[in-house]
Every structure is written in C-alpha cells, then in structure tokens.
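Structure first, commentary second.
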Protein chains: 2
Amino acid sequence: MQKTATEKSNDVIAAQLAPVGRETVQDRVYSELRRALIGGLFEPNQTLTIRGLADALVTSTMPVREALGRLITEKALEALPNRSVRVPPITLDRLDDLLRARILIEGEAIALAATRMTPRQISVIEGMLGEWDEMRALKHKKDVDHEVTLNQSFHFEIYRSCGSAVLIPMIESLWLQSGPCIRVAIYAFSEAGEVDTAHYHRRIVAALAVQDAAAAREALVADISRPFTFLRNKLQADAAAKSENRP
Amino acid sequence: MQKTATEKSNDVIAAQLAPVGRETVQDRVYSELRRALIGGLFEPNQTLTIRGLADALVTSTMPVREALGRLITEKALEALPNRSVRVPPITLDRLDDLLRARILIEGEAIALAATRMTPRQISVIEGMLGEWDEMRALKHKKDVDHEVTLNQSFHFEIYRSCGSAVLIPMIESLWLQSGPCIRVAIYAFSEAGEVDTAHYHRRIVAALAVQDAAAAREALVADISRPFTFLRNKLQADAAAKSENRP
DNA sequence: TCAACGCAAGTGTGATCACAAATCAAAAAT
DNA sequence: ATTTTTGATTTGTGATCACACTTGCGTTGA
C-alpha cells in the first residue's frame with residue numbers, strides 16, 4: 001500500500017483540519033424531537049401534526065414526516081388509525097411494563113459496565129455527582145430541564161461503557177418511551193419531598209468504583225423505580241378521587 | 001352516553017362487516033422489507049438503493065425511503081457516511097452481542113409467557129410441532145423459507161403471550177438484526193447434521209405446558225444459542241483458513 | 001505506466017404539488 | 001332542541017422535480 005505524493009501532502013492537511021460532518025435536516029429534526037420527548041416537553045396524549053411541527057422547526061414537511069415515522073417505529077410516538085400521531089397516553093399497565101423492561105435491560109447494561117469501566121470513566125461520573133450538588137445548592141427553581149439532562153448524561157455515560165452496540169439503542173428507545181411520564185414525576189418530586197436523587201447516584205458510583213456488578217444493578221433499580229412507583233401511586237390516587245366524585 | 005337512531009342501526013351493520021383496514025404503500029413496503037430481512041433474503045454487506053428497491057417493488061421512491069429510514073433506526077439496516085444503506089456485516093463481536101441480548105430479552109419474555117399461556121394457546125404451538133414433523137417427513141429441499149417462517153410463528157406465538165407491549169417490539173428488532181446471520185446458519189444446518197430443531201421446540205412446549213418458567217427459559221436459550229455458536233465456529237474457521245492462505 | 005483530472009451516470013435529500021381522507025362548524029331538517 | 005347533512009379547512013400520502021454529492025470510467029499529462 002504505497003502512498004502517492006499528493007496523498008501524503010493531503011495527510012498533512014488532514015492532520016490539521018477537523019472533519020466537517022454533513023448532518024441532514026432530517027437528522028436535526030429527529031434529534032430535536034428526541035430531545036423534546038425525553039425531556040418531557042410533550043404531554044402524553046398530545047397529538048402532533050406534520051405541518052405544525054414543520055412550521056415550528058422552520059422546515060418543510062418532508063424531514064418532519066420521516067423523523068416522525070422513525071419515532072413511531074421506536075414506539076416513542078403512536079400512529080392512530082386516523083393516521084394522526086400522538087404522544088402515547090400513560091396507563092398503569094404501560095407504566096409497569098416500561099419499568100420492568102428498563103430494570104431488565106438497563107440492569108444488565110450496568111452490570112456489564114461494572115466490570116469494564118476504567119478509573120478514568122469512573123472519575124467522569126463522579127464529577128457529575130459534584131455538578132449535581134452544585135445545582136442543588138443554588139436551588140434554582142426552573143432547573144428541571146437541567147436536572148433531566150444531567151440525569152440522562154449520568155446514566156448514558158455508564159451505559160456507553162457496557163460495550164454492547166445492541167443494548168444501547170434499546171435503552172434509548174426505552175427512555176424515549178418513558179420520557180413523557182418521567183417529566184410528570186420529576187415535577188412532583190421537586191414540589192414534594194426533597195428526597196435526594198443524588199443519593200441514589202452516589203450509591204451507583206460507589207458500587208461501580210469497586211466493580212460490584214450486583215450492587216450497581218441493585219442501586220440502579222432503586223434509582224429508576226422511584227419515579228415510576230411515585231407516578232403509579234399518583235395515578236391510582238387520581239383515579240380513586242375521580243371515581244369518588246361521581247359514584 | 002346516549003346513542004342516536006342512526007348510530008344504533010350502524011352498530012347492527014358493524015356487527016356483520018369486517019373492518020377493511022387502510023394499509024398504506026409505505027406499510028406494505030416496510031412489511032415486505034422486514035420479511036425479506038428476517039428471512040435472510042438479503043446478504044450481509046449488501047448495499048441497497050432507494051430507486052432499485054422502488055423498481056423491484058413497483059412503486060415510487062417515496063414509500064421506500066421512509067421504510068428504509070425506519071429500518072435504519074431499528075438497526076436492521078445501516079446508514080453509511082456516504083449516505084448509502086447496506087445490511088450490516090457480521091462480526092464475531094456483533095454475533096455475541098446479539099445472542100446475549102436475545103437470551104436476556106426473549107428469555108424474560110418466555111418466562112413471563114410461561115405463567116400466562118392458556119391451554120388453548122399451548123395447544124396451538126403444540127400443533128405447530130406437528131406441522132414441523134410433517135415438513136421434515138416430506139423432506140423437500142427448498143423448504144428453508146418455510147422452515148424460518150414456521151420457526152418465527154412458533155416463537156412469536158409464545159412471545160405474544162408474555163403480555164408486554166414493550167418487550168415484543170424489541171424482540172422483533174432483534175430478529176430483524178439477526179435475520180441475515182441466521183439464514184447462513186440454517187442453510188449450513190440442513191446441509192450438515194440432521195440435528196432435529198424440533199427437539200428443542202418440543203422441550204420448550206413441554207416446559208410451558210407445566211408452567212415451568214425456568215425450564216422454558218433454559219430450553220429457549222439452548223434453541224437460540226445453537227445457530228449462533230454454529231455461525232461463530234464457522235466464522236472463526238473461515239478466518240483461520242484465510243490467514244493460513246497468506247501468512 | 002501510473003497518478004491526476006474531468007466528465008457522466010447514479011443516488012440521496014428536500015421542496016412542492018395533487019389527491020383523498022378526516023375534522024370541524026355552520027346550516028338544514030326532524 | 002337535537003340530529004343530520006353539507007361544505008370548507010386541515011392533514012397525511014404519494015409522485016415528481018431540482019439540487020448536491022458520490023462514484024466509476026475514460027482521458028490527459030508527467
């Protein structure tokens with residue numbers, strides 16, 4: 001494999017220039033909708049229209065409809081028989097279903113990561129712990145957005161270390177599906193008790209630091225179960241209150 | 001909720017008429033590509049073009065490009081930086097990764113199904129066993145297609161009983177991803193030893209019949225591991241042979 | 001002889017249009 | 001007053017086109 005003169009001179013240039021990367025409009029639309037979904041910016045049951053989103057994102061309908069199609073196959077959105085799409089509604093069954101799947105898959109991912117994370121990577125998520133405390137100290141009220149973002153970064157930094165190109169997309173799909181639910185729980189959390197979310201994350205980091213896969217899985221299960229059981233109780237309470245109003 | 005006169009007369013009609021269902025072209029293209037992928041009609045590393053598929057399926061490019069986009073997000077296809085799409089190549093790592101994920105998720109699904117399948121449903125998959133024997137008795141050579149179809153029906157009949165709307169799409173995604181690999185294994189199987197595939201299915205049915213979740217999971221793991229380890233050995237043998245030819 | 005250039009065919013992406021189906025509101029009928 | 005009908009608007013779907021980028025092959029030049 002001999003290199004020609006121009007190839008060699010090109011190598012010199014390549015060493016100084018960063019690849020520009022060509023992101024399509026569709027990709028940006030898709031990412032934007034994903035972000036909104038995971039962050040819970042859309043409410044469950046809300047219906048979305050192609051033209052409406054295209055206007056909001058200032059593009060034509062084409063990139064939007066393809067992005068919507070992709071999100072539908074991931075079950076992040078739902079295609080009604082009317083051919084309109086909506087954010088899937090929350091039901092008790094779905095909540096339990098999602099939690100069970102997340103415990104199963106994310107639990108496996110963190111168990112794998114526990115034996116593969118380098119000290120370097122551990123220190124990264126340890127740093128995130130500090131960032132969390134910082135945010136909590138300042139106590140800005142509208143930091144719910146930041147909180148979910150930080151939470152996401154923390155978890156996926158771990159999952160990325162599991163070394164499975166198959167599991168990670170599945171976890172992303174699960175987050176996409178539970179995003180609209182979680183938002184409700186987070187809001188309720190910051191209102192109600194100040195149960196320190198960081199405490200659970202600290203337990204996870206401690207387990208990972210000593211490569212204890214079982215403990216890490218256990219701590220993770222506790223972490224992700226919390227908002228789900230909270231939401232579950234809330235839903236049941238709401239249902240009870242409603243049936244009491246008109247028996 | 002009071003019904004009007006015409007609504008009630010409509011109900012009478014509705015009881016006799018089956019809903020016709022409005023399937024879009026895109027849906028048909030998507031289903032067709034799925035079928036081809038799971039059945040292993042596409043070879044790993046094969047590149048696909050929108051216009052080429054559109055010609056083959058006798059439609060315009062529009063439904064095809066959206067179907068391709070959906071398959072790419074499911075990791076059933078791969079988008080190269082060149083913006084061309086191909087069916088993902090097989091590597092040892094990917095093989096192990098897929099098998100681990102399938103054991104995890106399909107194992108959980110069958111364990112759930114074990115406690116939920118009705119005798120009626122058990123008898124259905126028992127009937128499939130008979131169909132399998134029948135096919136094997138006739139010994140038609142080109143029944144590989146029928147074999148993979150029957151295998152798929154058998155497994156998904158079980159998974160459908162797990163009662164999880166979240167797990168099933170994930171399993172479908174996994175089958176989509178391992179489809180192109182499995183085909184190679186199936187072919188090699190029918191050539192090589194006559195290891196009765198039905199034997200493993202029989203074990204599964206037996207375990208499900210007595211609602212033994214652990215045994216069902218174990219039998220399933222043996223069933224799906226077989227083609228994977230077979231393929232794994234084949235790949236390693238090929239690699240060894242190649243490196244021997246030019247040391 | 002082989003690298004470099006240039007042209008042509010092929011390909012994905014996005015925009016726009018036409019059409020059918022759904023939705024909604026006002027008008028008409030009971 | 002309630003139901004039905006009618007018509008206008010909205011919406012998803014598929015086709016077609018324009019554009020930019022890639023690829024492959026033949027030509028040119030050293």
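Residue numbers begin at 1 in each chain, while the letters A, B, ... track the order of the sequences.
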Does A:R102 make a cation-pi contact with A:W175 (under 6.0 Å, within 45 degrees of the axis)? yes
In the structure I gave you, are the side-chain heavy atoms of B:R100 and B:D96 within less than 4.5 Å of one another anywhere? no
Check ion pair A:R34-A:D27 (N to O, under 4.0 angstrom): no
With distance as the sole test, does A:Q121 use its side chain to make a donor-acceptor pair with the main-chain N or O of A:T118 at under 3.5 Å? yes
Short side-chain to backbone donor-acceptor contact, A:S173 and A:E74, under 3.5 Å: yes
Looking at residues 55-67 of chain B, who's got a heavy atom less than 4.0 Å off DNA chain C? B:M62, B:R65
Would you call the rings of B:Y159 and B:H155 parallel, tilted or perpendicular, taking 30° and 60° as the class edges? tilted
So does B:R51 reach the base of C:dG10 with its side chain, donor to acceptor, closer than 3.5 Å? no
Along DNA chain D (nearest heavy atom to each residue), the more 5'-positioned of A:L68 and A:R22: A:L68
Counting only heavy atoms and a strict 4.0 angstrom limit, can you tell me which residues of residues 71-87 of chain B come near DNA chain D? B:N82
Answer yes or no: does atom CD of B:E43 have more than 12 heavy-atom neighbours from other residues, nucleotides or ligands under 6.0 Å? no
For B:S153 and B:T149, indicate whether the former's side chain and the latter's backbone hold a donor-acceptor pair under 3.5 Å. yes
Here the distance between atom C1' of C:dG14 and atom CD1 of A:I50, to the nearest Å, is 14 Å
